[in-house]
Structure formats: structure tokens, C-alpha cells
*Asks:* 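Okay, handing you the structure first.
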Amino acid sequence: MALDPQLLEILACPDDKGPLLYFEDEDTLYNPRLKRRYAIKDDIPIMLIDEAETVDDAEHDRLLAKAESQGINPTFEA
């Protein structure tokens, strides 16, 4: 199940307070500025810095390319 659009409009990275990219098919919210991925478990975003996964350059590039090709926009405009 997709996250509620109203929730997505207010979700921000808990570290830099910036917008995130939502990859529904991967149950992931991604902060490209910090290269940090937040998991979504049972339709609940796990927005804890200690629980986030830092991705390598190859994964970062893959996620950005996927966002561009699929028209995935940030959760809000900064």
C-alpha cells in the first residue's frame, strides 16, 4: 500500500529537514543530499537517523536515475 499523499507532503529528513524521494516499489524514502535511505515497514516510515542506511555512490546514482526516469519528485519543495 502506498503512503498517504498528505503524509508525503510533510515528510522530511530528520537530520537536514529537507525533502525526500519516495520509492513506493522499494518501500523506501531517500535523501539524496546525505545519501541516506529510510525504510518503510508495514506502511510506517522509520524516520530514525540511527535506523537509516547510508548508500554507496553506485546505489545513489541508481536511485537518482530511477527517480528521473519515473518522474519521482521530492516530498515537498524546499
Side-chain angles (χ1 to χ4, degrees):
M1 177 192 294
L3 291 179
D4 184 307
Q6 289 181 323
L7 175 62
L8 285 174
E9 289 177 10
I10 62 170
L11 274 177
C13 175
D15 195 0
D16 74 359
K17 312 300 187 245
L20 301 163
L21 297 172
Y22 173 43
F23 295 95
E24 181 180 349
D25 63 330
E26 296 185 27
D27 288 328
T28 295
L29 289 159
Y30 181 61
N31 179 338
R33 297 167 308 285
L34 301 177
K35 296 184 179 179
R36 192 173 290 154
R37 176 173 29 210
Y38 296 93
I40 300 169
K41 297 180 182 173
D42 298 322
D43 299 324
I44 300 170
I46 310 302
M47 304 302 294
L48 301 170
I49 295 169
D50 292 343
E51 298 279 328
E53 173 190 3
T54 301
V55 303
D56 62 21
D57 290 339
E59 180 66 357
H60 171 77
D61 292 342
R62 182 190 75 81
L63 290 168
L64 289 184
K66 181 176 181 175
E68 185 174 338
S69 71
Q70 295 183 2
I72 295 172
N73 295 313
T75 51
F76 62 88
E77 296 298 322

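Numbers here simply count residues along the sequence, with the first being 1. This one's a predicted model, so the numbers in the text were calculated from it and none came from an experiment.
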*Asks:* Determine, using the 4.5 Å side-chain heavy-atom cutoff (strictly less than), whether Phe23 and Val55 are members of one ILVMFWY cluster.
*Replies:*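 They do share one cluster, since a chain of ILVMFWY contacts under 4.5 Å joins Phe23 to Val55.
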*Asks:* Please report the interatomic distance CG(Leu21) to CG(Leu8), rounded to the nearest 0.5 Å.
*Replies:*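 Here the interatomic distance stands at 11.0 Å.
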*Asks:* Under the side chain to side chain donor-acceptor pair (under 3.5 Å) test, which residues partner Glu24, sequence neighbours left out?
*Replies:*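 Residues passing side chain to side chain donor-acceptor pair (under 3.5 Å) with Glu24: none at all.
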*Asks:* Check Asp16 with Arg36, please: is the shortest side-chain N to carboxylate O separation under 4.0 Å?
*Replies:*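 Looking at Arg36 and Asp16, the cut-off is not met.
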*Asks:* Is the backbone N or O of Ile44 less than 3.5 Å from a side-chain atom of Asp42, with the two atoms forming a donor-acceptor pair by type?
*Replies:*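 No; zero donor-acceptor contacts below 3.5 Å.
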*Asks:* Is there a side-chain contact between Glu9 and Pro19 (heavy atoms, below 4.5 Å)?
*Replies:*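 Contact flag for Glu9/Pro19 side chains = no.
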*Asks:* Would you give the length of the straight line joining atom CD1 of Ile40 to atom CE of Met47, rounded to the nearest 0.5 angstrom?
*Replies:*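 Those atoms lie 8.5 Å apart.
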*Asks:* Regarding Asp57 and Lys35, does a basic nitrogen lie under 4.0 Å from an acidic carboxylate oxygen?
*Replies:*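 Salt bridge between Asp57 and Lys35, a charged N being under 4.0 Å from a carboxylate O: yes.
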*Asks:* Give me the atom names and distance for the closest heavy-atom approach of Glu51 to Ile46.
*Replies:*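 Smallest heavy-atom distance, with atoms named: CB-CG2, 3.9 Å.
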*Asks:* Between Arg37 and Pro32 (side chain of the first, backbone of the second, donor and acceptor by atom type, cut-off under 3.5 Å), is there such a pair?
*Replies:*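 No.
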*Asks:* Quick one: does Ile49's side chain get under 4.5 Å of Cys13's, heavy atoms only?
*Replies:*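 Not in contact.
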*Asks:* What pair of heavy atoms forms the shortest contact from Lys17 to Phe76, and how long is it?
*Replies:*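 Of all heavy-atom pairs spanning Lys17 and Phe76, the closest is O-CZ, 3.7 Å.
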*Asks:* Can you get from Leu20 to Ile72 by hopping between Ile, Leu, Val, Met, Phe, Trp and Tyr side chains that sit under 4.5 Å apart?
*Replies:*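 No; tracing contacts between hydrophobic side chains, which count when under 4.5 Å, never links both residues.
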*Asks:* What closest approach, in Å, do Tyr38 and Leu48 show between heavy atoms, and which atom pair accounts for it?
*Replies:*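 The pair with the smallest heavy-atom distance is CE2-O, 3.9 Å.
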*Asks:* Ignoring hydrogens and geometry, is there a side-chain-to-backbone donor-acceptor pair from Thr75 to Leu11 under 3.5 Å?
*Replies:*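 Yes, because the side chain of Thr75 sits within donor-acceptor range (under 3.5 Å) of the backbone of Leu11.
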*Asks:* To the nearest 0.5 angstrom, please state how far the CD atom of Glu59 sits from the OH atom of Tyr30.
*Replies:*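 Going from the CD atom of Glu59 to the OH atom of Tyr30 covers 7.5 Å.
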*Asks:* Nearest 0.5 angstrom please: Glu26 CD to Leu29 CG, how far?
*Replies:*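 Rounded to the nearest 0.5 Å, the CD-CG separation comes to 11.0 Å.
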*Asks:* Keeping the roles fixed (side chain from Tyr22, backbone from Leu3), state whether a donor-acceptor pair exists under 3.5 Å.
*Replies:*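 Yes, the answer is positive, given that a donor and an acceptor are paired below the 3.5 Å cut-off.
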